[in-house]
Amino acid sequence: MFEPLVVAVWAMLPAYVPNNAAVVLGGGRPIDGGRVWNGARLLGAGKTWRGTVGGILVGMLLAVGLNAARPVAVGAFGEIVPAFSATAVVALPTGAMAGDVAASFLKRRAGHNRGESVPVLDQLDFVVGALALVAVAAPSWFLATFTPVVIAVVVVITPLLHVGTNAAAYGLGLKSEPW
Ligand code: CTP
Ligand code: MG
């Protein structure tokens, strides 16, 4: 179980970090430009250009940084540590942000206000988005990296990491709710 855990965490870091970066960088003009559809915002004020583009750029920088640090990780864990292909560098953070935006679209259609938590959807939207985009954009890299066991580990650890980082951010006074 240890090797799939190493691969899962390393390969998903460029998909995890954009959401957190968006919270820090977000603000300004909303993507939906304030548009309302069937009585609810198209996406909501929580999806901004700055947060989305900033989150994607931070995720891409992280993937490039992980590639640079890979020799160190290979020394510790062996050749199992994946290198990000150029397409994966772009697709993982872009897919993660797209999944988050798509989830807001669904939440508004279902009548949930901005910031209202929808368990499971909130924790896995960016995972589904990142995996789906990278599977389409870089299929051979996807298949070599995300074996069924690695995907299973991702599905289990992501909600745990999400709950853990949110609780930590609450403890540090960065967030007003612990979820
Ligand atoms: N954020 C952003 N752009 C994004 C994602 C997030 O600017 N694409 C910023 C916003 O300030 C947002 C905060 O990060 O309020 C938290 O993100 P998230 O929890 O995804 O948004 P919510 O405000 O909860 O809105 P929603 O209900 O639509 O998820
Ligand atoms: Mg939210």
Side-chain angles (χ1 to χ4, degrees), residues 8-9 11-66 84 86-138 142 151 154-179:
V9 171
M12 285 304 288
L13 271 171
Y16 286 148
V17 169
N19 287 272
N20 301 304
V23 177
V24 177
L25 300 172
R29 188 188 291 266
I31 296 175
D32 67 8
R35 281 182 199 80
V36 171
W37 189 35
N38 285 337
R41 282 283 292 270
L42 201 56
L43 301 173
K47 303 296 123 150
T48 67
W49 285 112
R50 225 167 63 201
T52 307
V53 174
I56 291 171
L57 289 177
V58 168
M60 288 172 56
L61 280 176
L62 178 65
V64 170
L66 288 175
F84 298 98
T87 312
V89 167
V90 179
L92 285 168
T94 304
M97 287 277 87
D100 178 57
V101 168
S104 288
F105 177 81
L106 295 176
K107 284 161 77 173
R108 298 302 91 80
R109 305 288 74 69
H112 297 292
N113 292 323
R114 172 203 177 171
E116 243 177 69
S117 91
V118 178
V120 183
L121 185 65
D122 281 337
Q123 282 88 53
L124 291 179
D125 53 8
F126 58 100
V127 172
V128 173
L131 293 182
L133 188 60
V134 82
V136 170
F142 172 79
I151 292 179
V154 168
V155 170
V156 172
I157 66 170
T158 301
L160 298 176
L161 285 172
H162 197 98
V163 170
T165 52
N166 283 343
Y170 173 74
L172 292 169
L174 295 171
K175 269 176 76 50
S176 45
E177 310 99 4
W179 53 83

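We count ligands from 1, going down the list as the structure has it; atoms in each ligand are counted the same way.
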Margin query: Taking 4.0 Å as the limit for heavy-atom contacts, which would you say applies to D122 with ligand 1: side chain only, backbone only, both, or neither?
Written below: neither
Check: Looking only at heavy atoms, which two atoms of R41 and R109 are closest? And how far apart?
Finding: O-NH2, 3.2 Å
Checklist line | Numbered atoms of ligand 1 (with element) below 4.0 Å of S104, judged on heavy atoms | finding: 26 (P), 28 (O), 29 (O)
Next item on the list: May I ask you to check whether over 12 heavy atoms, not counting those of R29, lie within 6.0 Å of atom CZ?
Entry: no
Checklist line | Shortest heavy-atom approach to atom 10 (C) of ligand 1 - which of G27, G46, G26 | finding: G46
Check: Given T52, V24, L25, T48, which has its nearest heavy atom closest to atom 7 (O) of ligand 1?
Finding: T48
Margin query: Set out, in order, the CA-CA distance, both residues' side-chain angles and the distance that settles side-chain hydrogen bond (donor to acceptor under 3.5 Å, both in side chains) for Y16 and T158, then state yes or no.
Written below: CA-CA 9 Å; Y16 286 148; T158 301; 2.7 Å; yes
Next item on the list: With atom 16 (C) of ligand 1 as the reference point, say which of V23, V53, V101 has the nearest heavy atom.
Entry: V23
Margin query: Heavy-atom distances under 4.0 Å decide this one: backbone, side chain, both or neither, for K107 against ligand 1?
Written below: side chain
Notebook entry, point to check: So, is G115 polar-close to ligand 1, with some N/O to N/O distance under 3.5 Å?
Noted result: yes
Item checked: Proximity winner for atom 23 (O) of ligand 1, if only heavy atoms of E116, R114, R50, H112 are counted -> R114
Notebook entry, point to check: Going by heavy atoms in the side chains, are L92 and F126 under 4.5 Å from each other?
Noted result: no
Margin query: Within ligand 1, which atoms have a heavy atom of R108 less than 4.0 Å away?
Written below: 26 (P), 27 (O), 28 (O)
Notebook entry, point to check: Does a salt bridge link D122 with K107, judged by any charged N lying under 4.0 Å from a carboxylate O?
Noted result: yes
Next item on the list: Identify, with sequence neighbours excluded, every residue that meets side chain to side chain contact (heavy atoms under 4.5 Å, CB included) alongside A63.
Entry: P14, F84, V89
Please report, to 0.1 Å, the donor-acceptor pairs under 3.5 Å made by any side chain of residues 99-106, with sequence neighbours excluded.
from, atom 1, to, atom 2, distance (Å)
D100, OD1, K47, NZ, 3.2
D100, OD2, K47, NZ, 2.8
S104, OG, K47, NZ, 3.2

